[in-house]
Amino acid sequence: MSRYIIEKDKLIENIELVKKKAEVPVIGVVKGNGYGFGLKEFASVLKENGIETFAVTEVDDIEELRSVVGNLDILVMRSTCIDEEAELIANNNCIATIGSVNAAKVMSECAKKLGKAVKCHLKIDTGMGRYGFMPSEVKEAISCYDLEGLDFCGIYTHFSSAFTNTALTKAQLVLFKDTVEQIKNSGKDIGLLHASNSPALFNADGVELDAVRIGSAFTGRLITRESTGLNRLGSLEAEVIEIKTVPKGYSIGYNGLFTTARETKLAIVPIGHYDGFGISKQKESADFHGILSAAKKYAKKEHLQVIINGKGYNVIGEIGLSHTAVDVTGSDVKVGDIAKVDISPLMVNPRIKRIYK
């Protein structure tokens, strides 16, 4: 049975490195099933190690996250005009994102219906093109502060290209600060300012503001121009369940696209597309130049590899839904040996068990 392994001690090292790098409060982003690390498990480790504010994008995650973090703040990074979503956000005492006048009106009506004030962060769109008021709509944004039941306690934006474009990131920051200044000059209390995500924190200087939002940096799987010192975490593993030897000229896998050039010893590993193996690039780059490297590898059709007993062996034939054949010719690989594959946690089927060691 396959499982996804996360080394807890190295995750804690990453958390401490991020906190030291940021020098401001860290908002732990646990969207996407905790960046593939398991929402509840991931949030628990973050909470145990000093993270006091959390963020998600999906309203379906709110109640599960609330069960882990108790009364700590949860920011829902989703500007919504759906009544049911607004009510779920408000009922769970989360911080709502307000990115349009319509979203503000929906949340205001919800707050009045529930007889409570809802904490809100205003979202400014400085170039991502999704949620948020454009800087040209600053007057509309300011008008939301006067709606009943909305308690604005922060403002944020999201950088679109912090992985690769520092100049654009800095330009977005300037635009954000200018917009915030206009809101401040109108007499509104701006509250907490935050803009930096993981790639911005490690690629650009001076983006921290009052807090940073960090998710992928905790996993150590982050595209940066320079080494971060973060531990790269997560591997999918399972036992070798079968060993067989096939003759030269034998077809392996669906469609018979691979034919052995010699007598070949195969290890059969119960990992496949269902688990997330082979459905996307297998490695996030540890540095900026890794993007080009990945493209070159794809062009050359280099083999995916499975690590068994510390050594890499090539996958041969088409990867199946739940099985992969590995060429272990000349090795002493045997049934029961642990096979590991490097795969982004975001690509791992959420039903696969996450194990923290």
Side-chain angles (χ1 to χ4, degrees), residues 1-11 32-38 41-42 219-221 231-284 293-294 297-357:
M1 182 179 296
S2 62
R3 58 267 179 190
Y4 198 71
I5 306 299
I6 298 110
E7 296 171 279
K8 185 175 179 180
D9 58 338
K10 292 186 177 180
L11 172 57
N33 191 30
Y35 275 82
F37 275 20
E41 300 92 336
F42 188 41
T219 74
R221 294 170 174 267
N231 299 300
R232 180 185 178 84
L233 301 179
S235 62
L236 187 65
E237 70 173 41
E239 287 79 11
V240 173
I241 58 172
E242 185 66 277
I243 295 289
K244 68 182 297 182
T245 300
V246 299
K248 177 181 178 180
Y250 201 84
S251 296
I252 306 296
Y254 287 114
N255 303 311
L257 296 180
F258 183 91
T259 302
T260 57
R262 49 165 166 69
E263 183 178 85
T264 303
K265 178 181 177 181
L266 299 178
I268 307 304
V269 179
I271 291 173
H273 290 317
Y274 178 80
D275 304 274
F277 185 45
I279 61 174
S280 70
K281 65 176 183 175
Q282 295 305 302
K283 292 186 178 182
E284 301 88 347
S293 175
K297 287 183 179 181
Y298 179 81
K300 292 179 180 178
K301 301 188 183 302
E302 291 187 17
H303 287 288
L304 294 176
Q305 287 201 328
V306 174
I307 306 299
I308 307 175
N309 299 331
K311 181 179 178 181
Y313 296 95
N314 288 338
V315 170
I316 58 175
E318 291 288 299
I319 295 171
L321 184 66
S322 53
H323 294 94
T324 295
V326 184
D327 184 351
V328 294
T329 303
S331 77
D332 60 355
V333 171
K334 61 187 183 300
V335 169
D337 286 346
I338 302 298
K340 299 180 179 182
V341 295
D342 180 26
I343 176 174
S344 167
L346 289 171
M347 294 297 104
V348 178
N349 190 321
R351 297 180 67 179
I352 301 299
K353 188 172 183 179
R354 272 62 172 173
I355 297 177
Y356 282 70
K357 287 189 174 180

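Nothing here was measured: the structure is a model prediction, and the numbers come from that model. Sequence positions, counted from 1, serve as the residue numbers for this chain.
- Counting all heavy atoms, side chain and backbone alike, Ile319 lies closest to Gly278 at CD1-CA, 3.9 Å.
- Of the inter-residue distances, the one linking Asp275 atom CG with Met1 atom CE reads 11.0 Å to the nearest 0.5 angstrom.
- Contact check for Val328 versus Val306: no side-chain heavy atoms found under the 4.5 Å cut-off.
- Side-chain contact between Arg354 and Val348: present, with at least one pair of heavy atoms (C-beta onward) separated by less than 4.5 Å.
- From Ile268, atom CD1 reaches atom CD1 of Ile243 across 8.0 Å, with rounding to the nearest 0.5 Å.
- In terms of heavy-atom proximity, Ala339 sits nearest to Val240 at CB-CG2, 4.4 Å.
- For Tyr250, the OH atom sits in a loose shell: 12 or fewer heavy atoms of surrounding residues, nucleotides or ligands are nearer than 6.0 Å.
- Formation of a donor-acceptor pair under 3.5 Å by the Asn33 side chain with backbone atoms of Pro350 is not found in this model.
- Partners of Asn309 according to the side-chain hydrogen bond (donor to acceptor under 3.5 Å, both in side chains) rule, which considers only residues two or more places apart in sequence or in another chain, are Asp337.
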Discussion item. Applying side-chain contact (heavy atoms from CB on, under 4.5 Å) to Arg351 and Tyr274, what does each step give before you reach the verdict?
Written reply: CA-CA 10 Å; Arg351 297 180 67 179; Tyr274 178 80; 3.5 Å; yes
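- Using a distance-only test at 3.5 Å, with no hydrogens or angles considered, no donor-acceptor pair links the side chain of Ser2 to the main chain of Ala238.
- Between atom OH of residue Tyr356 and atom CD1 of residue Ile6 there is a gap of 4.5 Å, rounded to the nearest 0.5 Å.
- Side chain of Asn255 to main chain of Leu257: no donor-acceptor pair is present (N/O by atom type, distance under 3.5 Å, no hydrogens or angles).
- Nearest heavy atom pair, residue Asp342 against residue Gly234, reads OD1-O, 4.1 Å.
- Distance check: Arg232 CZ to Glu7 CD gives 12.5 Å after rounding to the nearest 0.5 Å.
- Of the inter-residue distances, the one linking Lys311 atom NZ with Ser331 atom OG reads 7.0 Å to the nearest 0.5 angstrom.
- Side chains of Thr260 and Ile252 form a contact here, defined as non-hydrogen atoms less than 4.5 Å apart.
- Two residues are said to be in side-chain contact when any heavy atoms from C-beta on lie closer than 4.5 Å; Leu266 and Val246 meet this criterion.
- Considering every non-hydrogen atom in both Ala267 and Ile308, the closest pair reads CB-CD1, 4.4 Å.
- Residues in residues 313-328 take part in these side-chain hydrogen bond (donor to acceptor under 3.5 Å, both in side chains) pairs, two or more places apart or across chains: Arg262-Asp327, Gln305-Asn314, Asp327-Thr329.
- Residue-environment remark: NZ (Lys10) stays at or below the threshold of 12 foreign heavy atoms within 6.0 Å.
- Under 4.0 Å is where a charged nitrogen must lie from a carboxylate oxygen, and between Glu239 and Arg3 at least one such pair does.
- The shortest distance between side-chain heavy atoms of Glu237 and Ile307 does not fall below 4.5 Å.
- Note on ring orientation: taking the six-membered ring where Trp is involved, the planes of Tyr4 and Phe37 are tilted (angle from 30° to 60°).
- Distance check, rounded to the nearest 0.5 Å: CD1 of Ile5 to NZ of Lys357 gives 4.5 Å.
- The shortest heavy-atom contact between Thr245 and Glu263 is CG2-CG, 3.6 Å.
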